Amino acid sequence: AELNEAVRIRREEQLPVFEKLGDERSLLTARVNMALAMLLRGRKTDQIEARKHLCRSLKDAQRLKLPELEKIKSILKKARMSCR
């Protein structure tokens, strides 16, 4: 139940606010945190969406040259996911 609420809050409340503000770093962080909650929740459909969010975050972290890049790479590796 807590993971469901964490995903809902990020999807419905945080992401729209950061998108509207144009706060790319906070948006990236919220996407990564949402993906982590989805991976912990463990639903098959969550795997697909989590990968999408992580890959988008990876691309943004590379573009913006953010230190979060290494953490995102590590999460993808642990989850046995790639961004091809």
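Below, all heavy atoms of this structure are taken into account, side chains as well, without hydrogens, waters or symmetry copies. All figures in this text were calculated on a predicted structure; none of them were measured in a lab.
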**Prompt:** Does atom CD of Glu2 have more than 12 heavy-atom neighbours, drawn from other residues, nucleotides or ligands, at distances under 6.0 Å?
**Reply:** no
Using a 3.5 Å cut-off and no angle test, enumerate the donor-acceptor pairs between side-chain atoms of residues 24-34 and protein atoms at least two apart in sequence or in another chain.
{"residue": "Glu24", "atom": "OE2", "partner": "Arg63", "partner atom": "NH1", "Å": "3.4"}
{"residue": "Glu24", "atom": "OE2", "partner": "Arg63", "partner atom": "NH2", "Å": "2.5"}
{"residue": "Arg25", "atom": "NE", "partner": "Glu68", "partner atom": "OE2", "Å": "2.9"}
{"residue": "Arg25", "atom": "NH2", "partner": "Glu68", "partner atom": "OE1", "Å": "3.2"}
{"residue": "Arg25", "atom": "NH2", "partner": "Glu68", "partner atom": "OE2", "Å": "3.3"}
{"residue": "Ser26", "atom": "OG", "partner": "Asp23", "partner atom": "OD1", "Å": "3.2"}
{"residue": "Ser26", "atom": "OG", "partner": "Asp23", "partner atom": "OD2", "Å": "2.8"}
{"residue": "Thr29", "atom": "OG1", "partner": "Arg25", "partner atom": "O", "Å": "3.0"}
{"residue": "Asn33", "atom": "ND2", "partner": "Thr29", "partner atom": "O", "Å": "3.3"}

**Item:** Within one Ile-Leu-Val-Met-Phe-Trp-Tyr cluster: Leu39 and Leu3, side-chain cutoff 4.5 Å
**Value:** no
**Request:** Take Met38 and Arg11, measure what side-chain contact (heavy atoms from CB on, under 4.5 Å) needs, and give me the verdict at the end.
**Result:** CA-CA 11 Å; Met38 291 174 143; Arg11 182 183 285 133; 2.8 Å; yes
**Request:** Output, in order, the C-alpha distance, side-chain angles, deciding distance and verdict of side-chain contact (heavy atoms from CB on, under 4.5 Å) for Arg51 and Arg56.
**Result:** CA-CA 8 Å; Arg51 181 184 171 279; Arg56 184 170 182 186; over 6 Å; no
**Request:** Assess whether salt bridge (Lys or Arg N to Asp or Glu O under 4.0 Å) is satisfied between Glu70 and Lys73, documenting all intermediate values.
**Result:** CA-CA 5 Å; Glu70 293 307 315; Lys73 285 181 180 178; 3.7 Å; yes
**Asked** Are side-chain heavy atoms of Arg43 and Val7 found at a separation under 4.5 Å?
**Response** no
Between side-chain atoms of residues 77-84 and protein atoms elsewhere (two or more places apart, or another chain), which donor-acceptor pairs fall under 3.5 Å?
none

**Prompt:** Can you name the closest pair of heavy atoms from Ala35 and Leu54 and give their distance?
**Reply:** CB-CG, 3.6 Å
**Fill in**
So CG of Leu76 and SG of Cys55: to nearest 0.5 Å the spacing works out to 5.5 Å
**Transitive ILVMFWY side-chain link Leu40 to Leu36, under 4.5 Å** = no
**Prompt:** Partners of Glu13 by side-chain hydrogen bond (donor to acceptor under 3.5 Å, both in side chains), sequence neighbours excluded?
**Reply:** Arg8
